[in-house]
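Chain letters run A, B, ... following the sequence lines, proteins first, then strands; residues in each count from 1. Just so you know, these numbers come straight off a predicted model, no measurement behind them. As a basis for the values below, the full set of heavy atoms in this structure was taken, side chains included, without hydrogen atoms, waters or symmetry mates.
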Amino acid sequence: MSFEIPTISYNGVIRQITVGKEPNCVTVGGESCYPFYLFEGAMPHLPRIAMEVYDAPPEDWPQAALEPFADVVHDPAAWAQKCVGSYGAEMIALQLASTDPNAQDTPAEKAVEVTKKVAAAINVPLIVWGSGNLEKDKEVLRMISERCAEETLLLGPVEEGSYKALGAASLAYQHTIAASTPIDVNLAKQLNILLGNLGVPDDRIIIDPTVGALGYGLEFCYSVMERDRMAALTQEDERLQFPIVCNLGKEVWKIKETRLSEEEAPLLGDPLKRGVLLEAMTALLFLLAGGDIVIMRHPDAIQLVRGLMNELMGEGV
Amino acid sequence: MILIGENLNVMVKRIGQAIKEKYPKPIQALAVAEAEAGVDYIDINLGPARKGGEELMEWVVRIVQEVVDLPLYLDTTNVKAIEAGLKVYKNKQGKAVINSIMCRPERMEAQIPLVTKYDAGMVALLWGLEGMPRDAAERGALTADILQRATDAGVAGEDVWVDPIITPVNVQQNQLLECNKFISELDMIAEIVSPGCKSTCGLSNVSNGAPDHLRPILNQTYMMILEKLGMKSCIVDAFDEDLHEIARGTRPEITALVHRVVDGDEEGIADLSHEAQEYVKTAKVLLGHSLYSDSWLEL
């Protein structure tokens, strides 16, 4: 009897979703196997890395994260251009952190203005991410949805408490939405069902499983993403056959290990490299769990992850 | 399927008040109503009963036995209160059952001797030193341990009721599948050390956290699945008529259909009535064929 390598029998495929407007759109998803299991199926689209841009100058970033953008932090459009022009960003993720009522409480009109400026400055797809404050996100993302109708954005987070308002806006203005649930596979499925019931077409949903940084609950998120993919690919679970977006940059750069100086934590090594490595590892792990879009911050971390991804695809460094 | 009524519970406000005031009427009325509803056992749940537990259990057992002949499950974490209840219990239509003995050495050493001393039964709760078992194998290991100890102490297999601990399907679907697997293996595990051993479970826990209006179909379908897997009894709402019907075998078509799903036979399921399809969908969720979501019936 000859030895046969065990293989997984897949019966589902992740939907292909196109984000952005012609001719600058990108397509993600389409996998017919577990992440990078190229010996069992296909990954027609390489996962994409989106670079973060903030709507207001960051106040509490560690030096390592701030340094590459020090000349552009006051101008989101210039920042986005730098990401694309100097660092080769394939997508931009505009983080509307300043709209949070607990931060500067920037009004929705201002957020629309910034979104338009950034969108006009780049030729790659734009992700627009709210502050995470449910009520404010409803107001801000809805207004952006309406007033930036020509941009075909990826808008998030769309949660159980906001899916009606934001799902309807997406429906009317043809944006894609990031359906966000708190690290739970059953809730992820449920929100996708609810969006479907609302009439949001399946080619406009991307799953945001909610992620944490390496050392801060990453394993839990990883398992949930694995289960998402198992249900989607081996259980024919249609409500989970969507690409996954991981908004991880902001998670990594807020943990203490990326913020402590060399004097404060001599054992943790060079603070400049430390944050970059933590961000790269976090991103790589989420790619291995099934991430299709990872939102990242540091150019060096991004370069590392691109290299690793190419190796996984068998394309060399 | 043997049914144990869960309603006589100190957490129920009216009953808690009556127990506190030692006012027998509502307690007796409830016991009579449960018996009339057709349960096989009545569970007397006093909760932790830290203060005056012994006297309370003794009193409740007496007044309940004044009005019903059904056997009782004595349910409290207070070990002394259990013994006080056993002391006054009269075996009319069956033995009293200690609910429950955890699979922790100190609990088993303290409580298993009571089973033989008072000629009672015992629920073997599969909660070990590390808490809740993580999978079917850990449930098996705990079972082997407690059954061996019970047998060594002279407890007959038929007097042991193994409780595998049912988890809510909405948040712990994988754990539920492990529970299913274990139940299907229990007879095999028990055969050597404790032949004839029984099983029991808190059925409604499976639907805990699911939308209220959908809990009945989860409970009912799960009871059908459990029966097929070999479960002997369920602790249930004594007044849930649908569950009684299923337990008494008065819904044979639906039960047979659910059992077919357990066996993996899904031929002709697309042509079934809407109601039958809902049971099939529910069974598939409870068996892990599809991932749970609150809208599982709408898919």
Side-chain angles (χ1 to χ4, degrees), chain A residues 8-12 14-15 34 158-161 163-164 167 179-200 202 205 207-210 219-242 244 289-290, chain B residues 131-132 134-136 166-181 205-215 217-219 221-222 225 261-267 269-270 274 277-278 280-299:
Chain A
I8 293 153
S9 68
Y10 299 102
N11 53 22
I14 306 300
R15 285 186 185 81
Y34 289 152
V158 173
E159 305 173 64
E160 195 191 349
Y163 85 92
K164 281 186 185 157
S180 181
T181 43
I183 326 182
D184 183 295
V185 66
N186 304 107
L187 295 179
K189 178 172 176 176
Q190 180 66 13
L191 182 55
N192 294 344
I193 294 171
L194 295 174
L195 286 167
N197 292 349
L198 195 67
V200 176
D202 286 348
I205 298 173
I207 295 173
D208 164 29
T210 310
E219 301 84 343
F220 192 19
C221 316
Y222 189 101
S223 303
V224 165
M225 287 168 67
E226 270 187 310
R227 291 192 61 205
D228 272 337
R229 280 295 147 100
M230 286 159 118
L233 293 172
T234 67
Q235 289 194 310
E236 294 178 85
D237 199 317
E238 289 187 7
R239 299 322 294 166
L240 286 172
Q241 288 169 344
F242 300 96
I244 296 175
Chain B
M132 167 114 178
R134 278 162 287 213
D135 57 19
I166 286 174
T167 53
V169 66
N170 68 331
V171 289
Q172 291 187 292
Q173 194 176 10
N174 281 350
Q175 262 290 347
L176 191 70
L177 304 186
E178 294 296 324
C179 183
N180 293 347
K181 183 164 183 274
N205 210 24
V206 76
S207 61
N208 205 353
D212 275 342
H213 68 288
L214 296 173
R215 292 191 66 175
I217 192 168
L218 279 171
N219 295 343
T221 312
Y222 198 46
I225 291 173
V261 180
V262 176
D263 287 332
D265 168 16
E266 290 178 23
E267 222 184 285
I269 270 169
H274 179 71
Q277 294 216 16
E278 292 202 327
V280 169
K281 286 177 184 175
T282 308
K284 290 176 87 163
V285 165
L286 292 165
L287 291 163
H289 299 177
S290 53
L291 191 78
Y292 177 88
S293 68
D294 283 349
S295 300
W296 83 93
L297 289 178
E298 294 163 38
L299 296 176

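- Chain B forms the most heavy-atom pairs under 4.5 Å with one residue out of A/I193, A/N197, A/L194, A/L240, and that residue is A/I193.
- If you measure heavy-atom distances from A/L187 to chain B, you find no contacts under 4.5 Å at all.
- From A/N186, atom CG reaches atom CG of B/D294 across 8.5 Å, with rounding to the nearest 0.5 Å.
- Distance check, rounded to the nearest 0.5 Å: OG of B/S295 to CG of A/N192 gives 11.0 Å.
- Residues A/Q190 and B/N170 are not in side-chain contact: their nearest non-hydrogen atoms beyond the backbone lie 4.5 Å or more apart.
- Here A/D237 contributes atom CG and B/H289 contributes atom NE2; the two are 13.5 Å apart, rounded to the nearest 0.5 Å.
- Within 6.0 Å of CD on A/E160 lie no more than 12 heavy atoms contributed by other residues, nucleotides or ligands.
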Give the intermediate values and the outcome of side chain to side chain contact (heavy atoms under 4.5 Å, CB included) for residues B/L291 and A/M230.
CA-CA 10 Å; B/L291 191 78; A/M230 286 159 118; over 6 Å; no

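- Put simply, the side chain of A/V185 does not reach to within 4.5 Å of the side chain of B/Q173, judged on heavy atoms.
- Counting non-hydrogen atoms of other residues, nucleotides and ligands closer than 6.0 Å to CD of A/E226 gives a total above 12.
- Chain B forms the most heavy-atom pairs under 4.5 Å with one residue out of A/E238, A/R227, A/R239, and that residue is A/R227.
- Separating the CG atom in B/L299 from the NZ atom in A/K189 is a distance of 5.5 Å, to the nearest 0.5 Å.
- For the atom pair NZ (B/K284) and CD (A/Q235), the distance works out to 10.0 Å, reported to the nearest 0.5 Å.
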